[in-house]
Amino acid sequence: MIHLPLVRQGPLRALAIRMLLAVMLVLGTVGVIYADRNGYRDLNEDGLTLLDCFYYAVVSLSTTGYGDITPVSPDARLVNVLVITPARVLFLIILVGTTLEVLTHQYRNSLRISRWRRKLKDHVIICGYGTKGRAAVSALLETGYDKSRIVLVENREEALRQATATGLAVVEGNATRSAVLNQADVKNCKAVIIATDSDEASVLITLTVRQLTAGQVRIIAAVREQENAALLKQSGAHHVIVSSSTAGRLLGLTTTAPPLIDVVEDLLTPGQGMALAMRSAERSEVGRNPRELQALVVALIRRGKVVPLGGEHACVVETGDMLVYIRDESATPAGVSV
């Protein structure tokens, strides 16, 4: 099931409101009839009880009208003209409107999903909306990624509600199932981020994604244990981030070299001082040593691989290279934050 961001109240709430209005209308009509019960005559001619008033109100508002209870006095007939008949019309509007509301809501939802599918292209699928999944979404949004091009796959109800409340599209289900990933249009996506809380689930999702996409979609996965990283790469993941070892190294840096952790946090947090960024090499930079460039280049990406900047052989920038550099966030952005 696909859950798009909410734009209005749900059909259950609308149904409850209409049912409440219908009950209030019936009770109000019963009160009017009971107050003028002497102006009505039934077949037994023994007067109307409160139950008779309920009976007459229900059959009149529903247009059933058995005719066993009829208004005979001028006052009762005037009340029927001014109160009962308008109430009957309003009652039918509420009932028919409720049915139409439910049907039109289903139609609108199907229409929105169809329109969403047509516009969906080069999107990023994030499996899991826990701590890692939320951080991944935040990182994408901070780098200017369009929220409409982010699709979550989640089966926990609470996480699903949180995601839709923030304006994200969510496919409800288990990401290890091919049908669920196909609903997220995994074959046409740009990348799949696997941010589950279980290494076993991450391996299964990686295998499923690779099978569905024939290895044409980039897979980024997070694992808890270092020993599972190799298994994930063998399963088809292009990038594997070991959360436990990364956190451990940061803890070690905090103990032995406290200022370094501040630098790392500064680099990874957009909008605060320094930030890592990436851009294509300019024509004037081709053939030059990255160390000689005005930007502080820390890495060179060539054909998807990192080229070492040090070593015995001097490295020069080639056409098509990507430069990873440190930029000042207070300056005008010149690249894409990473």
Side-chain angles (χ1 to χ4, degrees), residues 1-6 109-110 112-114 116-141 143 145-244 246-247:
M1 182 181 295
I2 298 175
H3 298 263
L4 297 181
L6 298 176
N109 193 46
S110 300
R112 289 182 64 205
I113 292 175
S114 299
W116 171 75
R117 285 188 180 279
R118 288 196 301 267
K119 295 181 178 180
L120 196 62
K121 185 179 180 182
D122 292 334
H123 55 291
V124 174
I125 298 175
I126 300 178
C127 302
Y129 195 61
T131 302
K132 292 178 286 188
R134 288 192 297 269
V137 171
S138 299
L140 288 172
L141 297 179
T143 56
Y145 206 81
D146 190 355
K147 183 182 289 187
S148 63
R149 294 170 59 194
I150 299 176
V151 180
L152 298 176
V153 179
E154 180 60 74
N155 58 0
R156 294 177 301 164
E157 185 176 352
E158 182 179 356
L160 190 150
R161 287 198 305 267
Q162 292 176 355
T164 53
T166 57
L168 295 169
V170 186
V171 176
E172 183 180 2
N174 193 328
T176 61
R177 298 183 178 275
S178 302
V180 175
L181 292 175
N182 283 329
Q183 280 190 312
D185 200 8
V186 68
K187 296 180 181 179
N188 296 317
C189 73
K190 181 179 181 180
V192 176
I193 298 176
I194 303 174
T196 62
D197 296 329
S198 169
D199 290 359
E200 293 80 3
S202 298
V203 173
L204 288 175
I205 296 172
T206 301
L207 289 170
T208 306
V209 173
R210 189 183 69 172
Q211 180 187 21
L212 293 174
T213 62
Q216 300 301 313
V217 172
R218 185 170 296 277
I219 303 173
I220 303 100
V223 293
R224 292 176 176 270
E225 303 297 334
Q226 178 68 46
E227 60 185 12
N228 295 326
L231 182 59
L232 264 171
K233 288 187 176 181
Q234 292 176 359
S235 301
H238 297 83
H239 302 282
V240 179
I241 299 173
V242 184
S243 57
S244 58
T246 302

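Everything numeric here is computed off the predicted structure, so don't read it as measured data.
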- prompt: So which heavy atom on Ala195 is nearest to which on Gly133, and how close?
  reply: CB-N, 3.7 Å
Residues, nucleotides or ligands: over 12 heavy atoms within 6.0 Å of Arg134 CZ: yes
task: Working to the nearest 0.5 Å, report the span between CD1 of Ile125 and CD of Gln183.
output: 11.0 Å
task: Report yes if some heavy atom in the side chain of Tyr129 is under 4.5 Å from a heavy atom in the side chain of Val137; otherwise report no.
output: yes
message: So Val240 and Val223, do their side chains get closer than 4.5 Å, heavy atoms only?
response: yes
query: What is the distance from atom CG of Leu120 to atom CD1 of Ile150, rounded to the nearest 0.5 Å?
result: 11.5 Å
query: Can you pull the side chain to side chain donor-acceptor pair (under 3.5 Å) pairs that have at least one residue in residues 210-219, sequence neighbours excluded?
result: Arg218-His239
field: Pair Glu158 + Arg156, salt bridge at N-O below 4.0 Å
entry: no
query: Within the distance-only criterion (no hydrogens, no angle test), does the side chain of Lys147 pair as donor or acceptor with the backbone N or O of Thr166 below 3.5 angstrom?
result: yes
field: Any side-chain heavy-atom pair of Leu212 and Asn182 under 4.5 Å
entry: yes
field: Whether over 12 other heavy atoms sit under 6.0 Å from Ile241 CD1
entry: no
- prompt: Taking everything shown except Lys132 itself, do over 12 heavy atoms lie less than 6.0 Å from its NZ?
  reply: yes
- line: Residue pairs passing the side chain to side chain donor-acceptor pair (under 3.5 Å) test with at least one member in residues 194-207, sequence neighbours excluded, are Thr196-Ser202, Ser198-Glu200, Asp199-Asn228
query: What residues, two or more places apart in sequence or in another chain, satisfy side-chain hydrogen bond (donor to acceptor under 3.5 Å, both in side chains) together with Asp185?
result: Asn188
message: For Thr176, run the side-chain contact (heavy atoms from CB on, under 4.5 Å) check against Ile205, Val203, Val209 and tell me which one passes.
response: Ile205
Side chain Arg149, main chain Val124, donor-acceptor under 3.5 Å: no
message: If I compare all heavy atoms of Asn155 with all of Gly173, which pair ends up nearest, and what's the gap?
response: CB-O, 3.4 Å
message: Quick check for you: to the nearest 0.5 Å, what is the distance between Leu207 atom CG and Ile219 atom CD1?
response: 8.5 Å
field: CD1-CG distance between Ile194 and Leu232, expressed to the nearest 0.5 angstrom
entry: 7.0 Å
field: Any side-chain heavy-atom pair of Leu181 and Val192 under 4.5 Å
entry: no
- prompt: Between Glu154 (side chain) and Ala159 (backbone), is there a donor-acceptor pair under 3.5 Å?
  reply: no
Side chain to side chain, Val153 and Val170, heavy atoms closer than 4.5 Å: no
